[in-house]
J.: 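One structure is given below, represented as structure tokens, and several questions about it will come after.
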Protein chains: 2
Amino acid sequence: MEGYDKHAFEPFAVTVDLAVFTVRAGALHVLLIERGQEPYAGCRALPGGFVLPEESAETAARRELAEETGLSDVSGLHLEQLRTYSEPDRDPRMRVVSVAYAALLPDAPEPRGGGDAARAHWLPYDGLGPLAFDHDRILADARERIGAKLEYTCLATAFCPPEFTLGELQQVYETVWGSPLDRPNFRRKVLATPGFVEPVPGAARLTGGRGKPAALYRAGAATGLHPPLLRSAPASAPVPDAATHSASPSPSSSPSRSRSRSSSKGRSS
Amino acid sequence: MEGYDKHAFEPFAVTVDLAVFTVRAGALHVLLIERGQEPYAGCRALPGGFVLPEESAETAARRELAEETGLSDVSGLHLEQLRTYSEPDRDPRMRVVSVAYAALLPDAPEPRGGGDAARAHWLPYDGLGPLAFDHDRILADARERIGAKLEYTCLATAFCPPEFTLGELQQVYETVWGSPLDRPNFRRKVLATPGFVEPVPGAARLTGGRGKPAALYRAGAATGLHPPLLRSAPASAPVPDAATHSASPSPSSSPSRSRSRSSSKGRSS
DNA sequence: CGATTTATAGTCTTCCTGACCATTAAGGAG
DNA sequence: CTCCTTAATGGTCAGGAAGACTATAAATCG
């Protein structure tokens with residue numbers, strides 16, 4: 001980072017690639033385009049494009065998000081930088097460095113609008129064939145990142161419409177993590193976290209028909225989640241077993257008597 | 001990510017910037033260079049450099065790490081991509097996109113060796129003046145990332161030499177987090193986590209002189225830490241208090257008896 | 001030697017969570 | 001209308017993890 005004039009440097013093309021997720025019908029969906037030309041013609045790929053001369057990558061990502069989804073206002077959507085992919089051979093034509101972003105959408109309207117949006121479609125994450133370039137890896141990284149952030153942030157509400165039920169929120173977790181959660185426990189945890197959700201006063205929604213109507217909630221002001229809401233088995237970083245460890249002396253403390261208190265966490269007025 | 005031939009695109013310079021950390025004398029130190037020329041002449045900056053035509057950013061980062069530290073073998077060091085900084089005006093001379101990396105070193109030998117290494121020096125993280133370019137922000141992001149990863153990974157051992165005591169490991173946490181930990185509890189947690197550390201059979205080290213010799217440990221095979229070892233107060237994602245949140249139907253429950261105990265983290269007395 | 005320092009070994013209590021069971025409030029079948 | 005099903009909501013209970021200590025062991029220093 002010094003002496004620009006002295007060293008020769010290669011010019012790179014810089015692009016952004018977007019992993020755009022939504023939850024539809026209980027399944028995780030991704031926004032993909034079908035490539036019309038070589039290389040990888042006919043293959044699916046992540047939406048994306050070049051970073052323009054006067055743009056930051058962040059700006060370019062949000063612009064592309066608007067173009068590809070056809071949505072007029074993407075300012076409220078969650079968009080976060082994932083990481084940058086820069087293998088020299090990741091694009092056979094030339095040297096392209098790509099900054100990947102992950103975005104979350106509440107509902108999943110099929111993209112419509114001019115130009116780019118027409119090419120994009122929602123596809124279920126599971127059962128996707130191979131994607132163009134290194135987009136398989138980008139997409140897998142994106143899913144893992146989102147799954148991890150659900151644990152210790154309030155990000156899940158980004159998948160939900162402005163008003164939602166706790167059942168819908170729970171389904172976000174179950175869909176992204178791919179494992180079911182206990183409903184009462186999930187409820188308890190969410191409601192005990194100050195600022196995660198706030199109830200909509202008199203509202204309730206009939207949940208599609210059968211069953212008791214569910215109360216509606218809005219996203220709260222909190223962004224972090226302490227303590228976190230952990231997945232049972234970590235998908236990304238499996239603890240390598242350590243079969244022969246001799247730790248944990250087992251406390252064997254006398255069983256504490258019934259706890260009458262309700263004990264929520266947030267307080268501390 | 002399509003039609004390269006049809007669109008004009010701006011060539012960017014791509015660089016890597018390194019936030020290299022170590023723990024020395026109980027304080028977090030960073031490897032910095034002093035710039036010799038404009039812009040920001042005389043300012044401190046993160047080490048870094050251009051990504052070469054046939055390199056990935058990862059490769060470039062490791063090469064720069066070797067060059068700037070003067071170490072002959074950096075293959076075992078922890079190096080992870082942080083994020084990419086691409087504001088159009090971040091370098092006044094030209095359009096430069098920088099991929100930032102964070103690296104962790106066990107001990108902190110003053111860099112020596114040819115060329116680049118001579119410019120680099122360890123400086124305490126606390127009390128640093130402003131850095132060149134947007135390196136303040138990169139450095140702050142790096143520290144936050146490392147602090148967060150200590151919570152849910154076994155990363156802390158990357159700051160330690162091959163054999164270390166639990167006291168040294170604890171000091172890593174305390175230094176990066178900036179808050180003291182209870183020693184017996186820390187011990188219990190680390191030893192109860194399979195694969196975090198493994199004891200070196202007959203070894204013990206006199207801890208600088210006074211006190212009982214501490215047992216030596218090596219880093220284990222585990223990478224993840226479940227359940228995590230949480231900081232008490234999140235520095236990065238402070239729950240926005242939610243002063244006026246009306247959520248959580250309120251457990252009523254008479255205000256849980258004042259916790260008579262100290263409640264602050266540092267031990268009392 | 002005793003005092004100090006540091007490592008290590010417990011104890012106890014509280015809080016969080018997973019696994020349940022119970023109740024309420026809707027719709028649908030007969 | 002009544003019973004059954006479905007889903008939301010409200011509880012209980014036991015076990016585990018973590019915070020807050022107290023106690024003991026093994027070195028060095030004065």
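Residue numbers begin at 1 in each chain, while the letters A, B, ... track the order of the sequences.
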J.: Identify, with sequence neighbours excluded, every residue that meets side chain to side chain donor-acceptor pair (under 3.5 Å) alongside A/R83.
T.: none
J.: Whole Å only: how far is the CZ atom of A/R231 from the P atom of C/dC16?
T.: 22 Å
J.: What's the closest nucleotide to the side chain of B/R183 if the choices are D/dA17, C/dC16, C/dA7?
T.: C/dA7
J.: Report each atom pair, protein N/O against N/O of nucleotides 19-22 of chain C, whose distance is under 3.5 angstrom.
T.:
unit_1: C/dA19; atom_1: N7; unit_2: A/N185; atom_2: ND2; d: 2.9
unit_1: C/dA19; atom_1: N6; unit_2: A/N185; atom_2: OD1; d: 3.1
unit_1: C/dA19; atom_1: N6; unit_2: A/R188; atom_2: NH2; d: 3.3

J.: I need the B/T157 OG1 to B/Y217 OH distance, nearest 0.5 Å.
T.: 14.5 Å
J.: May I have the distance from B/F186 (atom CZ) to C/dA7 (atom P), rounded to whole angstrom?
T.: 12 Å
J.: D/dT9, C/dA7, C/dT17: which one has an atom nearest the side-chain heavy atoms of A/A214?
T.: D/dT9
J.: Output the rounded distance in Å from OH (B/Y173) to P (D/dA18).
T.: 12 Å
J.: The side chain of A/K212 is closest to which nucleotide in this list: C/dT17, C/dA7, D/dA8?
T.: D/dA8
J.: Which of parallel (below 30°), tilted (30 to 60°) and perpendicular (above 60°) describes B/Y125 and B/F21?
T.: tilted
J.: Could you tell me how far apart B/L230 (CG) and D/dG19 (C1') are, to the nearest whole angstrom?
T.: 13 Å
J.: Just to confirm, is there a sub-4.0 Å distance from OP1 or OP2 of C/dA9 to any side-chain nitrogen or oxygen of B/R187?
T.: yes
J.: According to a strict under-4.0 Å criterion, is B/R210 in side-chain N/O contact with OP1 or OP2 of D/dC29?
T.: no
J.: Would you kindly give the CG-to-C1' distance between B/L169 and C/dA7, to the nearest whole Å?
T.: 15 Å
J.: Using side-chain heavy atoms (C-beta onward) and a distance below 4.5 Å, is B/L77 in contact with B/L71?
T.: yes
J.: Could you tell me how far apart B/H226 (NE2) and C/dC16 (P) are, to the nearest whole angstrom?
T.: 20 Å
J.: Please state how far atom CG in B/L181 lies from atom P in C/dT6, giving the value in whole angstrom units.
T.: 17 Å
J.: Measure the shortest side-chain to side-chain distance between A/T165 and A/L216 over non-hydrogen atoms and say whether it is less than 4.5 angstrom.
T.: yes
J.: It should be established whether B/K189 places a side-chain nitrogen or oxygen under 4.0 Å from OP1 or OP2 of nucleotide D/dA17.
T.: no
J.: Any pair with a residue in residues 70-80 of chain B that passes salt bridge (charged side-chain N to carboxylate O under 4.0 Å, His left out), sequence neighbours left out, goes on the list, sorted by first then second residue, please.
T.: B/E80-B/R145, B/E80-B/K149
J.: How many whole angstroms separate atom CD of A/Q171 from atom C1' of D/dA8?
T.: 14 Å
J.: Would you give the length of the straight line joining atom CG of A/L128 to atom CG of A/L32, rounded to the nearest 0.5 angstrom?
T.: 6.0 Å
